[in-house]
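Order of appearance sets the numbers: ligands from 1, and atoms from 1 within every ligand. In this chain, numbering begins with 1 at the start of the sequence shown. Scope of the values below: all heavy atoms of this structure, side chains included, with no hydrogens, waters or symmetry mates. For clarity, every value in this text was computed on a predicted model and none was experimentally measured.
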Amino acid sequence: MTIENATSSMTSQAQNSSANPIAIFDSGVGGLSIAQCISQHLPNENLLYVADTLHAPYGEQSPEFIQQRLNEVALWFIEHKAKAIVVACNTATVNAIDQLREKISIPVIGVEPAIKPAASLSKNKKIAILVTKATAENPRFLGLVAQYSNNSEVTIQPCPGLVELIELIEQDKKNSVECKLLLSNYLMPLIAKGVDTIVLGCTHYPLVSDLINDICGDSVTIMETARPVTEQLQRQLALHQLLNSSNKDGTTTFYSSKHSPEQQALFSHIWQLPLTLKSYP
Ligand code: DGL
């Protein structure tokens, strides 16, 4: 079945009901930073989380590859009756969300870096955005920076190697030391330049916000996007009359394309609850 057929059959059978799950997608565990916020603010919604860890990091992949992966997972979500899809990955949002929205009719919510609020908050008018390589090179992302920088000087800082370390961070304390060293390499030049506001433009980076705060100190504001994404999801669900009115707590089901005991331990550590990780597909 193609993605277009799947979505039209779903719509024609009026299957998109408010009890259906919200699908959340990332290349790995980064999207859990968004899923946590959704679960906290919409506690009666059922969530379906897919990490495409087998193909991560997306930051090193081509736009065509990322589009193909997102479409494949979106088709699976639709087959699993998702009522909306949250692309909880900045790299997949800028590289693949527009073409997905053209193909399917359920709401698709993406992650946009908080450039506009950062530019209005910065006293020095110097902000930085930490992103993956595939985001840094993306014309849609560069357009957003130009549109919302509001006369602030914006430094786009790609962070190669960081997503890979974050995917391993809970397995070994040594990775946390390595992660802090790599972050220092990326952050110290920004601080020396007078940057006072840093936007986390990859959903993996909030998972190391403690390390980022340690390096930057209190004078630098760190901005992330989990809350605005959750609010946008809530607005879209309300608009399509898809908010779950059940008064029961929702469930969250986790899948990874690279299923292993280590992955399950990593998911449980970040989610702060024991959980069963299932194999995608
Ligand atoms: N969490 C993804 C993002 O927000 C990470 C991309 C990657 O896998 O490199 O961009």
Other residues, nucleotides, ligands: >12 heavy atoms within 6.0 Å of K116 NZ: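 Counting other residues, nucleotides and ligands, NZ of K116 stays at 12 neighbours or fewer.
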Ligand 1: protein residues within heavy-atom distance under 4.0 Å: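 Correct list: D26, S27, P57, Y58, G59, C89, N90, T91, T132, V163, C202, T203, H204.
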All side-chain hydrogen bond (donor to acceptor under 3.5 Å, both in side chains) counterparts of Q36, not counting sequence neighbours: none
With sequence neighbours excluded, residues passing side-chain hydrogen bond (donor to acceptor under 3.5 Å, both in side chains) with S122: D196
H55/F65 aromatic ring centres below 6.0 Å: yes
Any donor-acceptor N or O pair under 3.5 Å, side chains N71, Q99: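 Their side chains do contain a donor-acceptor pair, which is all the 3.5 Å distance test asks for.
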Residues that A56 engages under side chain to side chain contact (heavy atoms under 4.5 Å, CB included), provided they are two or more places apart: S27
